[in-house]
Structure formats: structure tokens, C-alpha cells
Amino acid sequence: MGVTAKTAADTAWIAQAARSLGFDLCGIAPAKNFPELRQLNDWLERGYAGEMNYLHDPRRADLQAAMNGVQSVIVCAINYNAPQAYSTEIAAIELNEEKSPRGWISRYAWGGDYHEVLWEKLNSLVAEMRKKFPQPFEARASADTGPVHERVLAKQAGLGWIGKNTLLLNQKMGSWLFLGTILTDLALTPTVENKASLPADLCGTCTRCIEACPTDALVNPYVMDARRCIAYLTIEMRGLIPAEFREPMGNHIFGCDICQDVCPWNRKSPRTEVKEFQPRPAGVADESLFHPELEWLVNLGEEEYREVFRGSAMKRAKWRGILRNACNALGNAGLLRGTKSGERIAVTLTRLAASTDEVVSDSARWALSRMGAER
């Protein structure tokens, strides 16, 4: 039996408390097994999850399995859109200027680990709720780590719609949103009264995200084959990058923002001033995790890697993953033998090609094979 039902005024109070803690959006959904949750099994059966075995956790399709007695889900969102240029804007600049080869790190990983930022805020919200509602209640907060489907719950909580790029889209905020959830046995009044009142899907006939994906990961509108996604290939996959994706991946080192960069709803997405989401120093002079030099990344030793990425979401890719990805990006950088930078980087790649780690050595050899002769 859940805790005594709460009123719409209580729901409004929770949303206001979330905003006072720094969240940009907050909504409440009933703990139901929504149709989108039931569709997860079909997506998994198609093999679209690749090596992400944690997505097979049956609790993701059943909120009661995720938390016994859950009645409501509080969904909070915070904007992480730092003011620097989008990757598509940077690519246009690089076509017209001679620059040292640089790689792209996904926007969400530029600053501190977003999990920690969200956990602190979510737990603070629970603490405020315990002051407001003195009767004992259960609450479990998670930030992209619990066995829940955050985007589906965010949609049902009225925070936006799920776009053709499979991400949550909000009409005012765009898609640059970190999502966190609180499962609770409080019987809270939902933000959205009925299905007909949910935010409309405003993607319309637009297919820019699908057309812009270099690896054709969006196999259909609203359907992603993660095995083809650059974010999956650079972060989740541990082995060799399949040959068919190496060139289309371009200069991506960690994640990919292209399907968000081209989305019309992100043209006027507000920019955040939250310090934790600004590009952090990269440990070398005048460098940050915004568009860093590939030569620096490919020369990272394991100890330096641990120091530079301590407290960063980038640690998920691990050291060998960063080396693999940096080698792949260098293979796409148009490097020329005989030039100072080309010869210098070739020395590093030759050293890595002799590595006992097959993933690193193969990636370095591929990069070397792509270097052209100076004209």
C-alpha cells in the first residue's frame, strides 16, 4: 500500500523545489508499464543493443520490478548546453582553415561527471521532500544508472516528446538535457492528466537527424541501431572498430553530437552557465576537452589518462578505448608524411603499432596506412 495520496499542489511544490535546486524541468508520471517500455524487448531482440548487456535487465520494462510498491516517478532534467560551437559548426571551419588535427568529444563529457551532479541534486530534492511530507516514504534516485528508461518516463511526465533521433526533445530547451529520476511509493498527482495532454511530437516531416548520421545508425525514424552509432562505437564497444565505420566516424573520440547539432529545435537551445558542465582543463597548456588536439590524446600514458579524466564521464571509455579512438581519428585527419606534424605523429603511431594490445596496434596501423605523401 502506498503512502497517502498527494494533491496537485504537492506536485507543483516538488517541481518548484527541483527548480530551486538547479533543475530546468521537473514532472511526475504514474508508475505504469507504458507501451514504450513493452517495445523495449522487440528492440533488444533485433540485436540493436550490441554489447550493452545491462539494457537486457528485465526491470527496465517493469517499474514494479525496479522498485516494489512504486507509485510515482519524479523526472528531473537539467540543461548541459555549454556555449561553445556545435560539432557541425567546427567541421565547417576546419574545411576552410589549416589546423592541427583535433578530435571531438561529446558535449555532455566536457565537464565534470554528470552522474555526480545529478545525484547530489536528486538526493537534495528527496531530503526536501522528507521535510515537506513527514510521513515515512520510500524514494530511490538514479541518474542514468538505474534500471529505468528515463526518456520514456520523461515523456510521460510531460517534459517533452521522443524525437526521431530517439532523444527527449523539449520545445523550449531542445535536447541537451541530462535526465534523473526518483522512484517513490508516494501517490503523487501526475503532471499530465491524461494521454491526450502529453506534449505533441513536433518533429513533423523533418528528417535532418537521420540524414546527417554518418554511420546510418537511425535505421528508421525513432529507431536506432546502437551498433552503428558513433557514441556506442567510441564508448561502449571494447574491441576493434568495424572497418565499415572507421572512415565515417571522422574525428570523433568520445560520443557524437551530430543528430542533436542539426536538430532545428536546438538552434535556439539556451546555453548553460553551470560550472560543472563547462569544458574542463585537459592537463596541458591552453587545452580543454572542447575540441582537443589528437596528438595530445594519442600520446596519453595510462597514468596521465587517469589523472586527466578523474571525475569525468570519459573514464567509461577506458585508456585503450581513448587510444583506439584517437588513432582512428588521426587516420581520418588527412595527415601527410614529410610534414613536421605528420612525421611527429607517425613516430607515435609506429610505437603504438608495436603494442601487445591488438585493439591499439591495429588502430595505429590503420592510421599509418591512411597517411599520404607530401606534395
Side-chain angles (χ1 to χ4, degrees), residues 18-19 21-26 76-94 99 102-122 143-144 150-151 154 159-160 163 165 167-180 208-209 212 229-231 234-235 250-294 296-297 308-317 322 325 329:
R19 285 191 290 271
L21 291 167
F23 287 111
D24 294 294
L25 302 170
C26 178
C76 298
I78 188 169
N79 169 31
Y80 67 88
N81 188 21
Q84 285 74 15
Y86 288 174
S87 69
T88 47
E89 296 167 340
I90 291 291
I93 293 171
E94 288 187 329
K99 287 186 173 289
R102 290 180 176 269
W104 189 258
I105 292 171
S106 189
R107 203 169 207 86
Y108 81 86
W110 289 351
D113 191 336
Y114 69 95
H115 301 93
E116 301 292 340
V117 177
L118 264 68
W119 278 330
E120 181 178 351
K121 293 182 183 296
L122 290 168
D144 201 23
E150 291 92 350
R151 280 169 284 179
L159 301 193
N165 62 3
L167 300 174
L168 183 81
L169 276 163
N170 178 274
Q171 190 169 359
K172 293 182 179 180
M173 304 296 295
S175 64
W176 306 107
L177 296 167
F178 290 135
L179 300 176
R208 294 184 189 183
C209 58
C229 178
I230 293 173
T234 56
I235 302 171
N251 70 340
H252 288 86
I253 299 300
F254 184 93
C256 179
D257 294 330
I258 292 174
C259 68
Q260 298 190 80
D261 289 343
V262 301
C263 178
W265 290 107
N266 281 331
R267 286 177 185 163
K268 296 182 179 180
S269 176
R271 300 304 176 108
T272 183
E273 296 182 359
V274 175
K275 66 179 186 341
E276 291 91 346
F277 302 150
Q278 306 306 313
R280 59 188 281 172
V284 291
D286 300 320
E287 279 291 347
S288 76
L289 297 188
F290 167 69
H291 207 215
E293 286 196 357
L294 291 171
W296 165 65
L297 284 166
V308 170
F309 297 117
R310 181 177 289 116
S312 164
M314 281 190 68
K315 61 183 180 292
R316 183 171 181 82
I322 296 298
N325 301 340

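Nothing fancy with the numbering, it's 1 onward along the sequence.
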**Request:** Run the numbers on N251 and R102 for side-chain hydrogen bond (donor to acceptor under 3.5 Å, both in side chains), then give the verdict.
**Result:** CA-CA 7 Å; N251 70 340; R102 290 180 176 269; over 6 Å; no
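- Under the 4.5 Å side-chain criterion, counting only non-hydrogen atoms from C-beta, H252 is not in contact with N325.
- Side-chain atoms of N79 come within 3.5 Å of backbone N or O of P270 as a donor-acceptor pair.
- A distance-only check finds a donor-acceptor pair linking the side chain of T234 to the backbone of G255 [under 3.5 Å].
- Here the closest non-hydrogen pair linking H115 and A143 is CD2-O, 3.1 Å.
- The distance from atom CG of D144 to atom CD of E150, rounded to the nearest 0.5 Å, is 5.0 Å.
- Nearest heavy atom pair, residue N165 against residue L167, reads OD1-N, 3.0 Å.
- With hydrogens and angles disregarded, no donor-acceptor distance shorter than 3.5 Å links the side chain of K121 to the backbone of L118.
- Closest non-hydrogen pair, I253 versus G103, comes out as CG1-CA, 3.8 Å.
- Residues I105 and W110 form a side-chain contact, since some pair of their non-hydrogen atoms from C-beta on lies under 4.5 Å apart.
- For the atom pair Q84 CD and R271 CZ, the distance stands at 8.0 Å (nearest 0.5 Å).
- The distance from atom CG of L25 to atom CE of M173, rounded to the nearest 0.5 Å, is 5.5 Å.
- Of all the heavy atoms in A82 and T272, the pair that sits closest is N-CG2, 3.7 Å.
- Nearest heavy atom pair, residue A109 against residue M314, reads CB-CG, 3.8 Å.
- Residues D257 and S87 bring no donor and acceptor atom of their side chains to less than 3.5 Å of each other.
- Once rounded to the nearest 0.5 Å, the distance linking SG of C76 with CZ of R19 reads 10.0 Å.
- Listed here is the closest heavy atom pair of I322 and A317: CD1-CB, 4.0 Å.
- Between N266 and Y86, the side chains place no donor N or O within less than 3.5 Å of an acceptor N or O (distance only, hydrogens not considered).
- Between the N170 side chain and the L159 main chain, a donor and an acceptor come within less than 3.5 Å of each other.
- When the shell of 6.0 Å around CD of E120 is examined, it contains 12 or fewer heavy atoms from other residues, nucleotides or ligands.
- Residue Q260 is tested with S269, S106, S175, C209 for a side-chain contact (heavy atoms from CB on, under 4.5 Å); the sole match is S175.
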**Message:** side chain to side chain contact (heavy atoms under 4.5 Å, CB included), that's the test. Do K315 and D113 meet it? Break it down for me.
**Reply:** CA-CA 9 Å; K315 61 183 180 292; D113 191 336; 2.9 Å; yes
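- With hydrogens and angles ignored, the 3.5 Å screen pairs no side-chain donor or acceptor of W104 with any backbone N or O of C256.
- The aromatic rings of Y114 and Y108 sit perpendicular, their planes meeting at an angle over 60°, well past the 30° parallel limit.
- Contact check for P83 versus E273: no side-chain heavy atoms found under the 4.5 Å cut-off.
- Between the side chain of R280 and the backbone N or O of G311, at least one donor-acceptor pair lies under 3.5 Å.
- You'll find the side chain of F277 reaches within 4.5 Å of the side chain of I78, heavy atoms only.
- When side chains are defined from C-beta on, L297 does not count as touching F254, because their heavy atoms never get closer than 4.5 Å.
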